[in-house]
Amino acid sequence: MPELPEVETTLRGIRPHLAGQRIEAMVVRDPRLRLPIPPDLPARLAGALIGPLSRRAKYLLMEVAGGSLILHLGMSGSLRVVAAQAPPMKHDHVDLVLTDGRALRFHDPRRFGLMIWTPDPPAVAVSRHPLLCDLGPEPLEDDFDGDHLYRASRGRRVAVKSFVMDAAVVVGVGNIYASESLFLAGIHPARACHRVAAVRYQRLAETIRTVLNASIVQGGTTLRNFVQEDGNPGYFARSLRVYGRTGQPCLNCGTRLQERRIGQRSSFYCPSCQH
DNA sequence: AGCTCAACCTGCTGGC
DNA sequence: TGCCAGCAGGTTGAGC
(Lines give C-alpha, C1' and ligand atoms only; values in the text may rest on other atoms or scores of the structure.)
Protein backbone atom coordinates (compact mmCIF):
# COMPACT_ATOMS: atom_id res chain seq x y z
CA MET A 1 0.00 0.00 0.00
CA PRO A 2 2.21 2.57 -1.39
CA GLU A 3 3.37 5.92 -0.39
CA LEU A 4 6.36 7.44 -2.13
CA PRO A 5 8.96 5.23 -0.42
CA GLU A 6 7.13 2.09 -1.53
CA VAL A 7 6.91 3.36 -5.08
CA GLU A 8 10.61 4.22 -5.06
CA THR A 9 11.34 0.78 -3.59
CA THR A 10 9.25 -0.81 -6.33
CA LEU A 11 11.10 1.18 -8.97
CA ARG A 12 14.49 0.09 -7.67
CA GLY A 13 13.30 -3.48 -7.32
CA ILE A 14 11.98 -3.94 -10.85
CA ARG A 15 14.37 -1.70 -12.79
CA PRO A 16 17.31 -4.12 -13.05
CA HIS A 17 15.02 -6.92 -14.19
CA LEU A 18 13.45 -4.89 -16.98
CA ALA A 19 16.54 -3.19 -18.35
CA GLY A 20 17.05 -4.11 -21.99
CA GLN A 21 14.10 -6.48 -22.02
CA ARG A 22 11.51 -6.78 -24.75
CA ILE A 23 7.77 -7.21 -24.14
CA GLU A 24 6.54 -10.42 -25.68
CA ALA A 25 2.89 -9.85 -24.76
CA MET A 26 0.66 -7.90 -22.45
CA VAL A 27 -1.97 -10.03 -20.71
CA VAL A 28 -4.89 -8.09 -19.29
CA ARG A 29 -7.12 -10.15 -17.01
CA ASP A 30 -9.09 -7.20 -15.72
CA PRO A 31 -8.90 -3.75 -17.34
CA ARG A 32 -11.12 -2.05 -14.75
CA LEU A 33 -8.67 0.15 -12.90
CA ARG A 34 -9.05 3.79 -11.84
CA LEU A 35 -8.84 4.49 -15.55
CA PRO A 36 -9.61 1.49 -17.75
CA ILE A 37 -6.66 -0.11 -19.46
CA PRO A 38 -7.02 0.91 -23.14
CA PRO A 39 -8.13 -2.05 -25.28
CA ASP A 40 -5.42 -1.36 -27.86
CA LEU A 41 -2.59 -1.31 -25.34
CA PRO A 42 -1.56 -4.99 -25.63
CA ALA A 43 -1.21 -4.68 -29.40
CA ARG A 44 0.77 -1.49 -29.01
CA LEU A 45 3.21 -2.98 -26.52
CA ALA A 46 3.70 -6.42 -28.10
CA GLY A 47 7.27 -6.69 -29.28
CA ALA A 48 8.31 -3.32 -27.88
CA LEU A 49 11.68 -2.76 -26.27
CA ILE A 50 11.55 -1.50 -22.68
CA GLY A 51 13.41 1.75 -22.18
CA PRO A 52 14.37 3.61 -19.00
CA LEU A 53 12.14 3.50 -15.91
CA SER A 54 11.56 6.57 -13.80
CA ARG A 55 9.27 7.96 -11.13
CA ARG A 56 7.29 11.18 -10.86
CA ALA A 57 5.41 11.56 -7.58
CA LYS A 58 3.81 8.14 -7.03
CA TYR A 59 3.62 7.45 -10.75
CA LEU A 60 6.02 5.05 -12.43
CA LEU A 61 6.99 5.82 -16.00
CA MET A 62 8.34 3.31 -18.50
CA GLU A 63 9.64 4.51 -21.83
CA VAL A 64 8.28 2.06 -24.36
CA ALA A 65 6.97 1.93 -27.94
CA GLY A 66 8.04 5.51 -28.57
CA GLY A 67 5.93 6.79 -25.68
CA SER A 68 5.40 6.20 -21.98
CA LEU A 69 3.59 3.60 -19.95
CA ILE A 70 2.24 5.39 -16.88
CA LEU A 71 1.57 3.22 -13.82
CA HIS A 72 0.11 4.05 -10.45
CA LEU A 73 -0.30 1.61 -7.57
CA GLY A 74 -3.26 3.35 -5.97
CA MET A 75 -4.03 2.25 -2.41
CA SER A 76 -3.38 -1.45 -2.75
CA GLY A 77 -1.31 -2.06 -5.88
CA SER A 78 2.02 -3.84 -6.20
CA LEU A 79 4.36 -4.95 -8.96
CA ARG A 80 6.49 -8.05 -8.95
CA VAL A 81 8.73 -9.81 -11.41
CA VAL A 82 7.64 -13.44 -11.59
CA ALA A 83 8.07 -16.47 -13.81
CA ALA A 84 5.63 -15.87 -16.66
CA GLN A 85 4.03 -19.27 -16.25
CA ALA A 86 3.47 -18.82 -12.52
CA PRO A 87 -0.30 -19.10 -11.97
CA PRO A 88 -1.89 -15.74 -11.34
CA MET A 89 -3.37 -15.06 -7.94
CA LYS A 90 -6.65 -13.29 -7.34
CA HIS A 91 -6.35 -9.61 -8.33
CA ASP A 92 -3.29 -10.19 -10.55
CA HIS A 93 -4.83 -7.99 -13.21
CA VAL A 94 -2.01 -7.52 -15.73
CA ASP A 95 1.18 -9.24 -16.88
CA LEU A 96 3.83 -7.69 -19.07
CA VAL A 97 5.35 -10.92 -20.36
CA LEU A 98 9.03 -10.51 -21.16
CA THR A 99 10.98 -12.42 -23.78
CA ASP A 100 13.22 -13.94 -21.06
CA GLY A 101 10.32 -16.01 -19.68
CA ARG A 102 9.45 -13.76 -16.80
CA ALA A 103 6.69 -11.23 -16.37
CA LEU A 104 6.06 -7.95 -14.62
CA ARG A 105 2.85 -8.70 -12.74
CA PHE A 106 0.46 -6.01 -11.51
CA HIS A 107 -1.63 -6.90 -8.49
CA ASP A 108 -4.28 -4.53 -7.11
CA PRO A 109 -7.25 -5.72 -5.01
CA ARG A 110 -8.95 -2.35 -4.76
CA ARG A 111 -8.25 -1.41 -8.38
CA PHE A 112 -7.45 2.21 -7.57
CA GLY A 113 -4.29 1.78 -9.62
CA LEU A 114 -3.67 2.84 -13.17
CA MET A 115 -1.90 1.65 -16.29
CA ILE A 116 -2.15 3.82 -19.38
CA TRP A 117 0.03 4.81 -22.31
CA THR A 118 0.81 8.21 -23.74
CA PRO A 119 2.63 8.95 -27.01
CA ASP A 120 5.09 11.32 -25.32
CA PRO A 121 8.35 9.99 -23.88
CA PRO A 122 8.64 10.38 -20.09
CA ALA A 123 10.65 13.60 -20.18
CA VAL A 124 7.85 15.25 -22.16
CA ALA A 125 4.96 13.49 -20.47
CA VAL A 126 5.87 14.85 -17.04
CA SER A 127 5.25 18.40 -18.23
CA ARG A 128 2.38 17.70 -20.63
CA HIS A 129 0.27 14.81 -19.42
CA PRO A 130 -2.82 15.91 -17.43
CA LEU A 131 -2.04 13.51 -14.58
CA LEU A 132 1.49 14.83 -14.22
CA CYS A 133 1.71 18.42 -15.42
CA ASP A 134 0.25 20.13 -12.35
CA LEU A 135 2.22 18.25 -9.72
CA GLY A 136 4.33 20.08 -7.17
CA PRO A 137 8.05 19.51 -6.62
CA GLU A 138 9.60 16.20 -5.61
CA PRO A 139 10.29 16.30 -1.86
CA LEU A 140 13.75 14.78 -2.27
CA GLU A 141 14.87 17.17 -5.01
CA ASP A 142 16.57 20.51 -4.58
CA ASP A 143 13.61 22.66 -5.59
CA PHE A 144 11.71 21.58 -2.49
CA ASP A 145 12.42 23.52 0.68
CA GLY A 146 10.80 25.48 3.48
CA ASP A 147 10.57 28.63 1.39
CA HIS A 148 8.49 26.78 -1.15
CA LEU A 149 6.08 25.55 1.52
CA TYR A 150 5.88 28.95 3.14
CA ARG A 151 5.13 30.77 -0.10
CA ALA A 152 2.59 28.18 -1.24
CA SER A 153 0.75 28.40 2.08
CA ARG A 154 0.11 32.16 1.97
CA GLY A 155 -3.52 32.94 1.38
CA ARG A 156 -4.62 29.40 2.16
CA ARG A 157 -6.43 28.29 5.27
CA VAL A 158 -6.56 24.49 5.12
CA ALA A 159 -5.04 22.45 7.90
CA VAL A 160 -1.29 22.15 7.45
CA LYS A 161 -1.62 18.38 7.24
CA SER A 162 -4.04 18.62 4.31
CA PHE A 163 -1.73 21.23 2.82
CA VAL A 164 1.38 19.02 2.75
CA MET A 165 -0.69 16.13 1.40
CA ASP A 166 -1.79 18.28 -1.56
CA ALA A 167 0.12 16.99 -4.58
CA ALA A 168 0.05 20.44 -6.15
CA VAL A 169 2.11 21.68 -3.17
CA VAL A 170 4.57 18.81 -2.86
CA VAL A 171 4.19 15.25 -4.10
CA GLY A 172 4.62 11.99 -2.28
CA VAL A 173 3.59 12.96 1.24
CA GLY A 174 0.82 10.49 2.03
CA ASN A 175 -1.26 10.07 5.15
CA ILE A 176 1.32 8.18 7.20
CA TYR A 177 4.30 10.38 6.47
CA ALA A 178 2.30 13.59 6.87
CA SER A 179 1.56 12.64 10.48
CA GLU A 180 5.14 11.52 11.08
CA SER A 181 6.73 14.63 9.55
CA LEU A 182 4.48 17.03 11.46
CA PHE A 183 5.25 15.26 14.71
CA LEU A 184 8.99 15.57 14.14
CA ALA A 185 8.57 19.23 13.21
CA GLY A 186 6.45 19.94 16.31
CA ILE A 187 3.57 21.30 14.24
CA HIS A 188 -0.05 20.51 15.14
CA PRO A 189 -1.69 18.84 12.11
CA ALA A 190 -4.90 20.88 12.40
CA ARG A 191 -3.14 24.26 12.42
CA ALA A 192 -4.18 26.47 9.52
CA CYS A 193 -1.35 26.39 7.00
CA HIS A 194 -1.11 30.18 6.74
CA ARG A 195 -0.44 30.33 10.48
CA VAL A 196 2.77 28.33 10.28
CA ALA A 197 5.88 30.56 10.32
CA ALA A 198 8.61 30.39 7.70
CA VAL A 199 11.16 28.95 10.12
CA ARG A 200 8.77 26.16 11.05
CA TYR A 201 8.22 25.33 7.38
CA GLN A 202 11.98 25.10 7.09
CA ARG A 203 11.95 22.48 9.79
CA LEU A 204 8.97 20.70 8.22
CA ALA A 205 10.69 20.46 4.85
CA GLU A 206 13.65 18.87 6.62
CA THR A 207 11.52 16.33 8.49
CA ILE A 208 9.63 15.38 5.33
CA ARG A 209 12.94 14.61 3.64
CA THR A 210 14.23 12.75 6.69
CA VAL A 211 11.15 10.59 7.08
CA LEU A 212 10.90 9.71 3.40
CA ASN A 213 14.60 8.94 3.08
CA ALA A 214 14.58 6.78 6.20
CA SER A 215 11.64 4.83 4.86
CA ILE A 216 13.25 4.33 1.47
CA VAL A 217 16.30 2.90 3.24
CA GLN A 218 14.03 0.49 5.13
CA GLY A 219 12.24 -0.37 1.92
CA GLY A 220 15.59 -1.39 0.55
CA THR A 221 15.78 -4.18 3.07
CA THR A 222 12.77 -5.81 1.44
CA LEU A 223 14.26 -5.55 -2.04
CA ARG A 224 16.03 -8.87 -1.88
CA ASN A 225 12.71 -10.65 -1.51
CA PHE A 226 11.06 -8.57 -4.12
CA VAL A 227 11.43 -10.73 -7.19
CA GLN A 228 11.33 -14.20 -5.74
CA GLU A 229 8.36 -15.89 -7.27
CA ASP A 230 7.13 -17.00 -3.87
CA GLY A 231 8.29 -13.87 -2.12
CA ASN A 232 5.74 -11.48 -0.89
CA PRO A 233 6.33 -7.75 -1.20
CA GLY A 234 5.79 -7.60 2.55
CA TYR A 235 5.14 -4.13 3.81
CA PHE A 236 8.21 -3.60 5.88
CA ALA A 237 7.89 -2.95 9.53
CA ARG A 238 8.16 0.75 10.05
CA SER A 239 9.39 2.67 13.00
CA LEU A 240 6.39 4.94 13.22
CA ARG A 241 6.36 7.50 16.00
CA VAL A 242 2.70 8.55 15.97
CA TYR A 243 0.81 6.86 13.12
CA GLY A 244 -1.57 4.27 14.51
CA ARG A 245 -0.40 4.84 18.07
CA THR A 246 -3.49 6.52 19.51
CA GLY A 247 -3.50 6.34 23.30
CA GLN A 248 0.10 5.21 23.53
CA PRO A 249 2.73 7.46 25.12
CA CYS A 250 4.57 10.06 23.08
CA LEU A 251 8.18 8.99 22.62
CA ASN A 252 9.32 12.50 23.55
CA CYS A 253 7.17 13.41 26.55
CA GLY A 254 5.00 10.44 27.49
CA THR A 255 1.70 12.22 26.83
CA ARG A 256 -0.99 9.98 25.38
CA LEU A 257 -1.10 10.40 21.62
CA GLN A 258 -4.35 11.57 20.10
CA GLU A 259 -6.22 10.87 16.87
CA ARG A 260 -8.71 12.94 14.92
CA ARG A 261 -9.94 13.27 11.38
CA ILE A 262 -8.53 16.09 9.33
CA GLY A 263 -9.64 16.40 5.72
CA GLN A 264 -11.35 13.00 6.07
CA ARG A 265 -8.10 11.27 6.92
CA SER A 266 -7.08 9.80 10.26
CA SER A 267 -4.42 11.97 11.82
CA PHE A 268 -2.20 11.19 14.76
CA TYR A 269 -0.32 13.65 16.97
CA CYS A 270 1.01 14.52 20.39
CA PRO A 271 -1.09 17.28 21.98
CA SER A 272 1.89 18.42 24.07
CA CYS A 273 4.70 18.40 21.52
CA GLN A 274 2.78 19.75 18.53
CA HIS A 275 1.38 23.28 18.30
C1' DA B 1 -9.62 30.09 -6.18
C1' DG B 2 -10.00 27.38 -2.23
C1' DC B 3 -12.26 24.03 0.29
C1' DT B 4 -15.19 19.91 1.51
C1' DC B 5 -17.15 15.87 0.36
C1' DA B 6 -18.30 11.78 -2.23
C1' DA B 7 -16.81 8.35 -5.10
C1' DC B 8 -14.01 4.65 -7.09
C1' DC B 9 -13.25 -0.98 -4.98
C1' DT B 10 -12.09 -5.02 -1.99
C1' DG B 11 -10.60 -6.90 2.32
C1' DC B 12 -9.89 -6.89 7.08
C1' DT B 13 -11.07 -5.92 11.95
C1' DG B 14 -13.82 -5.22 15.86
C1' DG B 15 -18.20 -5.10 18.10
C1' DC B 16 -22.34 -7.34 18.95
C1' DT C 1 -19.44 -18.55 14.77
C1' DG C 2 -21.60 -15.07 11.91
C1' DC C 3 -22.99 -10.66 10.47
C1' DC C 4 -22.34 -5.92 9.71
C1' DA C 5 -20.45 -1.39 10.19
C1' DG C 6 -16.51 1.05 9.66
C1' DC C 7 -12.06 1.76 8.12
C1' DA C 8 -7.73 1.38 5.05
C1' DG C 9 -1.32 3.87 2.90
C1' DG C 10 -4.67 7.69 -3.15
C1' DT C 11 -6.69 10.71 -6.30
C1' DT C 12 -10.25 13.06 -8.97
C1' DG C 13 -14.15 15.82 -9.80
C1' DA C 14 -18.53 18.03 -8.46
C1' DG C 15 -20.48 21.58 -5.97
C1' DC C 16 -20.39 25.25 -2.72
Side-chain angles (χ1 to χ4, degrees), chain A residues 1-11 29-37 55-60 70-79 88-94 106-116 129-136 138-139 149 151-183 189-195 208 211-212 214-216 218-219 222 232-247 259-268:
Chain A
M1 298 151 196
E3 293 204 30
L4 185 140
E6 286 83 346
V7 179
E8 180 67 23
T9 298
T10 296
L11 172 66
R29 298 184 195 86
D30 191 340
R32 298 173 301 163
L33 302 181
R34 188 177 113 209
L35 296 177
I37 296 177
R55 177 185 62 75
R56 174 71 173 112
K58 294 169 189 163
Y59 291 91
L60 291 170
I70 302 175
L71 294 97
H72 196 285
L73 301 178
M75 292 270 266
S76 59
S78 60
L79 286 167
M89 311 286 283
K90 194 176 183 183
H91 304 307
D92 281 347
H93 303 313
V94 182
F106 178 77
H107 176 88
D108 186 10
R110 291 177 72 181
R111 291 193 273 115
F112 286 3
L114 179 72
M115 194 178 293
I116 58 172
H129 195 279
L131 289 172
L132 308 174
C133 64
D134 292 325
L135 294 171
E138 290 285 332
L149 289 179
R151 284 195 299 268
S153 66
R154 297 307 95 175
R156 300 192 56 178
R157 316 186 80 83
V158 278
V160 62
K161 174 163 177 281
S162 303
F163 174 71
V164 296
M165 288 179 67
D166 181 348
V169 172
V170 57
V171 302
V173 183
N175 199 36
I176 293 177
Y177 298 121
S179 279
E180 295 295 306
S181 304
L182 287 164
F183 170 74
R191 172 170 286 270
C193 67
H194 73 291
R195 297 195 60 245
I208 287 171
V211 165
L212 292 178
S215 182
I216 289 170
Q218 285 185 315
T222 66
N232 83 72
Y235 307 122
F236 48 96
R238 297 197 183 88
S239 41
L240 299 175
R241 294 170 172 87
V242 291
Y243 187 88
R245 296 193 62 236
T246 311
E259 172 179 0
R260 61 189 268 193
R261 287 186 86 76
I262 298 170
Q264 305 171 219
R265 309 301 297 276
S266 296
S267 309
F268 304 86

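Every chain is numbered from 1, with letters handed out A, B, ... down the list of sequences. Note: hydrogens, waters and symmetry copies are ignored here, and every other heavy atom, side chains too, is used.
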Taking donor-acceptor contacts at under 3.5 Å, does the side chain of A:Arg111 reach the base of B:dC9?
no
Can you find an N or O donor on one side and an acceptor on the other, under 3.5 Å apart, linking the side chain of A:Arg156 with the base of B:dA1?
no
Quick check on [N]: is either OP1 or OP2 less than 4.0 Å from any side-chain nitrogen or oxygen of [X]?
X: A:Tyr243; N: C:dG9; result: yes
X: A:Arg110; N: C:dG9; result: no
X: A:His72; N: C:dT11; result: yes
X: A:His91; N: B:dG11; result: yes

B:dG11 versus C:dT12 - spacing of their C1' atoms, nearest Å:
23 Å
Any strand, both distances under 3.5 Å, Watson-Crick or G-U wobble: C:dC16 pairs with B:dG2
Please name the nucleotide paired to C:dG9 by Watson-Crick or G-U wobble geometry with both distances under 3.5 Å, or report none.
none
Tell me whether the count of non-hydrogen atoms from other residues, nucleotides or ligands lying under 6.0 Å of CZ in A:Arg195 goes above 12.
no
Hey, what's the ring geometry for A:His93 with A:Phe106, parallel, tilted or perpendicular (30° and 60° as the breaks)?
tilted
So, do A:Phe112 and B:dC9 meet the stacking rule of ring centres under 5.5 Å and planes under 30°?
no
